2 protein chains.
Amino acid sequence: MVTPKRKDAQQLTELILETARDLFTQYGVDTVSMHQIAKTAGVGQATMYRRYAQKGDLCLELIDDQFNRLRIEIEAQLEQLDGAPILERLISVFRRIIMFTHHEASLLKAIHVSLVQSRCLNADAQQFFCSQPYLYLHGTLAGLLKEASDAGQTVSFDPAFTAHIMIAALAPHTLQHLSDRYGYTTDDIIDQLIRTLIRPLFISLD
Amino acid sequence: MVTPKRKDAQQLTELILETARDLFTQYGVDTVSMHQIAKTAGVGQATMYRRYAQKGDLCLELIDDQFNRLRIEIEAQLEQLDGAPILERLISVFRRIIMFTHHEASLLKAIHVSLVQSRCLNADAQQFFCSQPYLYLHGTLAGLLKEASDAGQTVSFDPAFTAHIMIAALAPHTLQHLSDRYGYTTDDIIDQLIRTLIRPLFISLD
DNA sequence: TTGACAAACGGACAATTGTCCGCTATTATT
DNA sequence: AATAATAGCGGACAATTGTCCGTTTGTCAA
C-alpha cells in the first residue's frame, strides 16, 4: 500500500513550535492566540490543530525539553544519593520539582488551565492527570513515599494518594501568588513546603 | 440629581440566575454557554455580562448561598467546640471544608478555571485569591493554625503560608480525579487528607 | 511517465466569549 | 404634565477557539 508523507511535515512542526516559542517570549503565553501562531508561522489553522488540539498540548511540547532535563537531574541525584536516608532523597527530589514548577510557572499555568478544562468530548479522562509529566512526577514521588512508609519511618498514610495531594499543593497559580503577593522567594517556598508537607510525615527519632 | 433605576433590574438578575441554575442542572456546568443562558433568559448579552463578567462570577453567585451555609456551620461548630483542643477544632473545620469542596465540585471547578485564567486586563491580581470565599477559608484556617503554632503543640511553620498550601491541596480537580479514577469515597479523602496534612503537624504528646 | 490514492495542507466556516453603542425606561425638576 | 438627563437594556459586532472540506503533494503500480 501507499504510505505518503509530506516531506515538509516535520519542518512545519518545528516552524510552529519555533513561532510559538518566539511569540510566547515576546508577548507572554496568556495573550498569544492559536490563530496568531498559525498566522505568524504562515500555516493553516487545521495544520496546527492537527498537531496540538489545544494550547496546553503545544505548551506541553514546548516544555518537553526542560522536563526531560528535570527527569535526568532527578535520576542522577537519586543515583548519587543511593544509600542515603529516604528522607534526604525525598527532600532532594521535592526541591527539584518545586524549583522546576516555580521556574516554568507561566507555561505550566497554561497547561494546567487548558488540560483541566477538558472541553474535548472525551471528558471521561482528565487529560492533565494522564499527561506524561504528571504521571512521571506522581510515580516518582509515590515510589519514594512508599519506601519511607514501608521502612516504618513515617506516620501511616497512602503513598499514591499523598503524592497526588502533594502535586496539587504545588499548583503553579498558588506558588506564583505566594511570590507575587507576599514576596516569598523560591527558597522560602521550598523551605516552607518541605517543612509543612514532608518532614512532619517522618516520625522524629529522638 | 437624578438617580434613575430600572424597576425590573433586580428581577432580571434573578431571572438570569434562575435560568443559569436550571441549565447547569440540566446540561452540566461545562457545556452551558453564556450566550445560551442569555438567550434562554431572553436578555441581551451585555445585560448578563454587566452583572457577571465571566462564567466564574456567575458560579460564585450561585454558590453563595451554599457558602454562607458553610460559614454558619463552621462558626457554629467552632462555638460549640469552644475550649476543645485546637487539633480537634482544626480537624472539624477541615472536614467541613473538604465535604463542601467535594460536594460542590462542578461549580468550584468552573470558578477555579475561570478566575485563575484572569483574561481580564487587570491581570495584576489573581481574582481567585481575592474572592470572598477564598479569603474567608484562608483566614479561618490560618487563624486556627496560628493558634496551634502559638500553643507550641506543632512543628514550626508559617500559618498563613500553610493555609494557602492546604487550600491548593483541596483543588476540586484533584479530589474529583481521586474519586472518579481511584474510587476513593468522600470519607476516604477526608481521612487521608487529615492524616497527611493536619495530624503530622502536631507533635505527638506521648 | 502517468494514473490512482491517501496523507495532509489551508482557508472558510461555526460556536463561544467579550465589547460597543443606539435606544428605552425611569425619575427629578419645573 | 412636560422635559431633561442618565442608568441600563439589547442586539450587532469583534476576537478567539475549534471543525470541515476542497485541494495539493507525494508514493506506488503499471
Side-chain angles (χ1 to χ4, degrees), chain A residues 1-17 19-20 23-24 27-60 110-123 127, chain B residues 1-17 19-20 23-24 27-60 110-123 127:
Chain A
M1 258 334 255
V2 290
T3 53
K5 297 279 178 186
R6 288 231 177 179
K7 61 184 172 191
D8 56 348
Q10 184 57 30
Q11 290 170 25
L12 279 180
T13 298
E14 281 164 21
L15 176 62
I16 291 170
L17 287 177
T19 306
L23 289 175
F24 285 169
Y27 301 107
V29 178
D30 297 330
T31 60
V32 174
S33 72
M34 292 292 266
H35 180 84
Q36 187 181 352
I37 296 170
K39 203 66 175 294
T40 305
V43 303
Q45 290 273 89
T47 301
M48 187 169 52
Y49 273 98
R50 219 169 291 116
R51 289 165 169 76
Y52 309 107
Q54 319 167 42
K55 207 156 115 176
D57 292 336
L58 206 164
C59 295
L60 261 187
I111 291 170
H112 192 263
V113 167
S114 181
L115 297 194
V116 135
Q117 270 188 305
S118 70
R119 27 175 63 136
C120 303
L121 297 184
N122 56 344
Q127 293 184 38
Chain B
M1 258 333 256
V2 289
T3 53
K5 297 280 177 184
R6 289 234 176 176
K7 61 184 171 191
D8 57 348
Q10 184 57 32
Q11 291 169 24
L12 278 181
T13 298
E14 281 163 21
L15 176 62
I16 290 170
L17 286 177
T19 306
L23 288 175
F24 284 169
Y27 301 107
V29 178
D30 298 330
T31 60
V32 174
S33 72
M34 293 291 267
H35 181 84
Q36 187 180 353
I37 296 170
K39 203 68 175 295
T40 305
V43 304
Q45 289 273 88
T47 301
M48 187 170 51
Y49 273 97
R50 218 170 291 115
R51 290 164 169 77
Y52 309 107
Q54 319 165 43
K55 207 155 115 175
D57 292 337
L58 206 165
C59 294
L60 261 188
I111 292 170
H112 191 262
V113 168
S114 181
L115 297 194
V116 137
Q117 269 188 307
S118 70
R119 25 174 64 136
C120 303
L121 296 184
N122 56 345
Q127 293 185 38

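This is a predicted model, so every value here is computed, not measured. Protein chains get the first letters and strands the later ones, always in sequence-line order, with residue 1 at the start of each.
- Across the protein-nucleic acid pair, Arg51(B) atom CZ and dA7(D) atom P stand 15 Å apart, rounded to whole Å.
- Here NZ of Lys39(B) is found 15.5 Å from CE of Met34(B). Values are rounded to the nearest 0.5 Å.
- Qualifying side chain to side chain donor-acceptor pair (under 3.5 Å) partners for Thr13(A), counting only residues two or more places apart in sequence or in other chains: Arg51(A).
- The CG atom of Asp30(B) sits 16 Å away from the C1' atom of dA15(C) (whole-angstrom rounding).
- Listed by chain and number, the residues in a side chain to side chain donor-acceptor pair (under 3.5 Å) with Arg50(B) amount to none (sequence neighbours excluded).
- The distance from atom CG of Leu15(A) to atom P of dC9(C) is 12 Å, rounded to the nearest whole Å.
- Qualifying side chain to side chain donor-acceptor pair (under 3.5 Å) partners for Gln11(A), counting only residues two or more places apart in sequence or in other chains: none.
- Between the OG atom of Ser114(A) and the CG atom of Leu58(A) there is a distance of 9.5 Å, given to the nearest 0.5 Å.
- Of all the residues in residues 31-41 of chain B, Ser33(B), Met34(B), His35(B) reach under 4.0 Å from DNA chain C with at least one non-hydrogen atom.
- Here the nucleotide nearest the side chain of Leu12(B), chosen from dC9(C), dG18(C), dG10(D), is dG10(D).
- One finds the CG atom of Leu17(B) at 11.0 Å from the CG atom of Leu12(B) (value rounded to the nearest 0.5 Å).
- Rounded to an integer number of Å, the gap from Gln11(B) CD to dC9(D) P is 12 Å.
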Output one line per pair: protein atom, nucleotide atom from nucleotides 20-22 of chain C, and distance, for all N/O pairs under 3.5 Å.
none

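- The distance between atom OH of Tyr49(A) and atom P of dA15(C), rounded to the nearest whole Å, is 16 Å.
- Looking at heavy atoms from C-beta onward, Leu60(A) lies out of side-chain contact with Tyr52(A) at the 4.5 angstrom threshold.
- Gln127(A) and Gln54(A) are linked by a side-chain donor-acceptor pair at a separation below 3.5 angstrom, with hydrogens and angles left out of the test.
- Taking the side chain to side chain donor-acceptor pair (under 3.5 Å) definition, one finds that Thr31(B) meets it with nothing, sequence neighbours left out.
- Going from atom CD of Gln54(B) over to atom P of dA15(D) covers 20 Å, rounded to whole Å.
- What separates CD of Gln10(B) from C1' of dT26(C) is a distance of 17 Å, to the nearest Å.
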